[in-house]
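Input: a single structure, listed below in structure tokens.
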Amino acid sequence: MSRVEVEKKVLNENQIPAEQLRERYRRHGILCVNLISAPGSGKTLLLEKTLERMDKGTRVAVLTGDLQTENDAQRLAKFGFPVKQIVTGGTCHLDARMVEKHLADWKLEDLNLLIVENVGNLVCPSSYDLGEDAKIVLLSTTEGEDKPLKYPSIFFKSELMVLTKIDLLPYVPFKAELAEENARGASANGDFESV
Ligand SMILES: Nc1nc2c(ncn2[C@@H]2O[C@H](COP(=O)(O)OP(=O)(O)O)[C@@H](O)[C@H]2O)c(=O)[nH]1
Ligand SMILES: [Mg+2]
């Protein structure tokens, strides 16, 4: 009982900076997307392939989160767009204050698109609003098509699901249609905000 109360308080504290971020993005005409998946599903590779194809004048920036290392920021920095690593030091998700802090020395008026790569985790990031316009969940063919059944909240809350590692479809037992059906049927059950 008392545990539920603590969780609600922490989440509420995130909501104030999240709304402030949303308002700042709105004021500057920035679209913000929050990429979420299990570790290794291909978030950074998708971003590498996306940035590689973007016109050099595109007003895009990336924040990328991990518990440790600057590896992903290094992978993404080579395309010439502003990139910053958020090292959480053990926290399993990004929260709005971390995003706010890492945006501090960027001029938001220079951006149209902010991409946030969340910490690899299908559970915790689902409950933390970052002021984004949309959450995008990635599911790779090596994870199994039942993940939306096991971790429904993030599939319920995401505007878009990207299926990755489809080049491996001939080699792994993964039914793409079933994965889509499972994702479309996901409900908010299991989200601790709704406990
Ligand atoms: N075969 C294949 N490998 C992929 C694909 N996407 C990512 N990978 C590999 O999966 C590993 C994890 O990818 P990464 O982008 O670091 O995942 P993240 O942890 O979600 O950021 C790396 O070795 C990638 O090269 C894909 O579409 N096909
Ligand atoms: Mg990554």
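Since this is a predicted model, take the numbers as computed values, not measurements. Numbering of ligands and ligand atoms starts at 1, following listing order. Residue numbers start at 1 and run along the sequence shown.
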**OP:** Determine whether any heavy atom of Gly120 lies closer than 4.0 Å to an atom of ligand 1.
**Re:** no
Subject >> Spacing of CD1 belonging to Ile136 relative to CG belonging to Leu35, to within rounding of 0.5 Å >> reply: 5.5 Å
Original post:
To which protein heavy atom is atom 19 (O) of ligand 1 closest, and what is the distance rounded to 0.1 Å?
Top reply: Gly40 N, 2.8 Å
**OP:** Answer yes or no: does an N/O atom from Thr164 fall short of 3.5 Å to an N/O atom of ligand 1?
**Re:** no
**OP:** May I ask whether atom 23 (O) of ligand 1 is less than 4.0 Å from at least one protein heavy atom?
**Re:** no
**OP:** Measure the distance from atom 28 (N) of ligand 1 to every protein heavy atom, then report the residue, atom name and distance (to 0.1 Å) of the closest one.
**Re:** Asp167 OD1, 2.8 Å
Original post:
Can you find a pair of side-chain heavy atoms, one from Asp72 and one from Glu117, that are under 4.5 Å apart?
Top reply: yes
Original post:
Any idea which atoms of ligand 1 are less than 4.0 Å away from a heavy-atom of Leu45?
Top reply: 4 (C), 5 (C), 6 (N), 7 (C), 8 (N), 15 (O)
Subject >> Considering only N, O or S atoms of Asp72, the one closest to the Mg ion (ligand 2) >> reply: OD2
Original post:
How many angstroms lie between CG in Asn34 and OG in Ser158, if you round to the nearest 0.5 Å?
Top reply: 8.0 Å
**OP:** Calculate, to the nearest 0.5 Å, the distance between atoms CG and NE2 belonging to Leu94 and His102 respectively.
**Re:** 9.0 Å
Subject >> Single-linkage hydrophobic cluster Ile30~Phe81, side-chain heavy atoms < 4.5 angstrom >> reply: no
**OP:** Quick one: look up the protein heavy atom nearest atom 21 (O) of ligand 1 and list residue, atom name and how far away it is.
**Re:** Thr44 OG1, 2.7 Å
**OP:** From the options Thr88, Ile86, Thr91, select the one residue that forms a side chain to side chain contact (heavy atoms under 4.5 Å, CB included) with Val119.
**Re:** Thr88
**OP:** Starting from atom 13 (O) of ligand 1, locate the nearest protein heavy atom and write down its residue, its atom name and how far away it is, to 0.1 Å.
**Re:** Gly42 CA, 3.8 Å
Original post:
Is any NZ, NE, NH1 or NH2 atom of the basic residue among Lys165 and Glu143 found under 4.0 Å from an Asp or Glu carboxylate oxygen of the other?
Top reply: no
Original post:
Taking the Mg ion (ligand 2) as the vertex, how big is the angle to OG1 in Thr44 and OE2 in Glu117, rounded to 10°?
Top reply: 90°
Original post:
Quick one: are Arg22 and Asp129 in side-chain contact, heavy atoms under 4.5 Å?
Top reply: yes
Subject >> Leu168 N/O under 3.5 Å from ligand 1 N/O >> reply: no
Subject >> From Glu117, Arg75, Lys165 - option closest to atom 16 (O) of ligand 1 by heavy atom >> reply: Arg75
